[in-house]
Amino acid sequence: MEKKIAELKKNIEDELNDIKSGVALYELKTKYLLGKTSEIPALMKELGKADKDERPRLGQLINGLKDWASEVISKREAEIAKLERAERYKREAIDITMPSKKHEEGSLHPVTVVKNQLVEIFSGMGFKVLETREIEDDFHNFTALNTPKEHPARDKQDTFYINDEFMLRTHTSPGQIHAMTSIKPPFKVIIPGRVYRADDDATHSPMFHQMEGLAIDKNISLCDLQGMLDVLVKKMFSADVKTRFRPSFFPFTEPSVEVDVSCFECGGKGCKLCKGTGWIEILGGGIVNRKVIENCGLNPDEYTGFAFGFGLDRIAMLKFGINNIHILYDGDLNALKQFKD
Ligand code: PHE
């Protein structure tokens, strides 16, 4: 038995020297120390078989071995833990002088920037945002807007028809009909959204964006529209920008106006942006035609309103100095990135 004790001691010493990881050390501990069946406790059990006189001395020897093994193993445990920690620190070390990965930052599309600005300004004036459908029927896109089948104004709009009845909306004005037939007056709404026309050149894209505005109440006049627009353009462009109304025609407004703003680039002296005129056309509008109010089931003697509509793409182009509308839709990120708000 004494031989066996010396042998175990030697084995533990040898194996301990080769151990480099906490896992292997734990395995060694299980082999010799832990539980009832590992080597040292098993030896203790065998004590019963030894000579009665020898037992105390052998017992002491085995206990001595056990204490010694526990001590050397825990010492090694501490060493390995320290080593493993050092290795982990090395492995996980961050080189703060290393150049970072390029982090691409997205930006809002110029049309979204303009739309958000306008929504904020209009919200401040009590307008609610309404979004209506992009596929419209003849009634909403034309007829209810006082543009019956044979009306010459239909020729101006190159419509993408889906069938005889349905089409991609050519403007956001059908939203006026949805508003008047679903909201109880008085109300003020803006209707932003995509519109479609078969038209394609440097300043026209088959899909573009408009924002419609509609206020319905009692005794609304053109002055209300003018006052509201004055505030709007000052907030949108700059405080010294003025508006100018010119008579125009739309089947769904009477009277109708075309609205210009004084050129925010040259202050009205005349430049490339305003083509030397000092004014830039931005919007169509007018007093909602009695017939349209009637078509929506409201009494035109009781309710009046103003309506207006403008192109968001055009405003974005003016604001960001973009001269070709296709820059907005070609998806060239390098081009679009320049127009951060
Ligand atoms: N819908 C008209 C257009 O697309 C603009 C407009 C809207 C005019 C509302 C008057 C009133 O040109």
Side-chain angles (χ1 to χ4, degrees), residues 99-124 127 129-136 157-160 167-175 189-213 229 232-241 259-267 271-277 279-284 308-341:
S100 65
K101 275 193 203 140
K102 202 164 175 232
H103 179 71
E104 286 282 351
E105 201 179 304
S107 60
L108 292 179
H109 190 276
V111 172
T112 308
V113 171
V114 165
K115 182 186 130 182
N116 289 351
Q117 274 177 0
L118 283 160
V119 165
E120 195 165 315
I121 298 170
F122 278 116
S123 300
F127 284 77
V129 179
L130 183 70
E131 291 197 33
T132 60
R133 55 188 80 152
E134 282 175 42
I135 294 179
E136 278 295 359
Q157 307 203 338
D158 303 295
T159 312
F160 288 115
M167 67 205 72
L168 296 176
R169 66 177 171 192
T170 56
H171 50 177
T172 42
S173 298
V189 290
I190 47 168
I191 308 151
R194 279 189 274 268
V195 300
Y196 304 83
R197 288 180 202 175
D199 214 352
D200 201 358
D201 60 33
T203 51
H204 297 89
S205 151
M207 185 283 300
F208 60 107
H209 299 78
Q210 286 191 335
M211 188 178 274
E212 193 84 7
L229 287 177
L232 173 77
V233 300
K234 282 180 181 18
K235 287 199 170 146
M236 192 63 197
F237 299 108
S238 78
D240 48 9
V241 167
V259 181
D260 300 335
V261 292
S262 57
C263 182
F264 41 84
E265 189 74 24
C266 63
C271 69
K272 228 172 105 187
L273 188 70
C274 57
K275 300 192 186 84
T277 64
W279 295 91
I280 298 171
E281 184 193 320
I282 57 154
L283 175 142
F308 58 89
F310 53 88
L312 292 175
D313 311 76
R314 188 172 147 71
I315 308 266
M317 287 166 76
L318 287 169
K319 264 191 90 109
F320 290 108
I322 301 169
N323 56 16
N324 188 317
I325 192 167
H326 294 282
I327 289 176
L328 295 176
Y329 300 113
D330 281 350
D332 179 348
L333 291 181
N334 282 331
L336 289 173
K337 256 190 257 173
Q338 304 171 68
F339 310 121
K340 282 191 192 169
D341 190 15

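Residues: numbered from 1 along the sequence shown.
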Would Leu118 and Leu232 satisfy side-chain contact (heavy atoms from CB on, under 4.5 Å), going step by step from the backbone distance to the final call?
CA-CA 8 Å; Leu118 283 160; Leu232 173 77; 3.8 Å; yes
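- In this structure, the side chains of Thr172 and Met211 stay at 4.5 Å or more apart for every pair of heavy atoms.
- Scanning for ring-ring contact (aromatic ring centres under 6.0 Å, His included) contacts around Phe237 gives Phe264, with sequence neighbours left out.
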Could you give me the CA-CA distance, side-chain angles and deciding distance for Phe122 and Phe308, then say whether ring-ring contact (aromatic ring centres under 6.0 Å, His included) is met?
CA-CA 13 Å; Phe122 278 116; Phe308 58 89; 5.6 Å; yes
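- When all heavy atoms of Ala316 and Ile322 are compared, the closest pair comes out as O-CD1, 4.4 Å.
- Partners of Arg194 according to the salt bridge (charged side-chain N to carboxylate O under 4.0 Å, His left out) rule, which considers only residues two or more places apart in sequence or in another chain, are Glu134.
- For the residue pair Val119 and Ser123, the shortest heavy atom distance occurs at O-OG, 2.6 Å.
- Residues Gly175 and Ile191 approach most closely at C-CD1, 3.4 Å, considering heavy atoms.
- Looking only at side-chain heavy atoms (C-beta outward), Ile121 and Met236 come within less than 4.5 Å of each other.
- Listed by chain and residue number, nothing satisfies the ring-ring contact (aromatic ring centres under 6.0 Å, His included) test with Tyr196 (two or more places apart in sequence, or in another chain).
- When all heavy atoms of Asp201 and Ile325 are compared, the closest pair comes out as O-CG2, 3.8 Å.
- You'll find the side chain of Leu318 reaches within 4.5 Å of the side chain of Ile282, heavy atoms only.
- When the side chain to side chain donor-acceptor pair (under 3.5 Å) test is applied to Asp200, the partners found at least two apart in sequence or on another chain are His326.
- Not a single side chain to side chain donor-acceptor pair (under 3.5 Å) links Lys235 to another residue, sequence neighbours left out.
- Annotation: side chain of Val129 is in contact with side chain of Pro192 (closest heavy-atom distance under 4.5 Å).
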Pair up each side-chain donor or acceptor in residues 108-115 with any protein partner under 3.5 Å, not counting sequence neighbours, and list the distances.
unit_1: His109; atom_1: ND1; unit_2: Val111; atom_2: N; d: 3.1
unit_1: His109; atom_1: NE2; unit_2: Leu328; atom_2: O; d: 2.7

Run Glu212 and Arg169 through salt bridge (Lys or Arg N to Asp or Glu O under 4.0 Å) and show every step you take.
CA-CA 13 Å; Glu212 193 84 7; Arg169 66 177 171 192; over 6 Å; no
Go through the steps for Glu281 and Arg314 under the test side-chain contact (heavy atoms from CB on, under 4.5 Å), then give the verdict.
CA-CA 10 Å; Glu281 184 193 320; Arg314 188 172 147 71; 4.1 Å; yes
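- Between Phe320 and Phe339, the ring-plane angle classifies as tilted under the 30° and 60° cut-offs.
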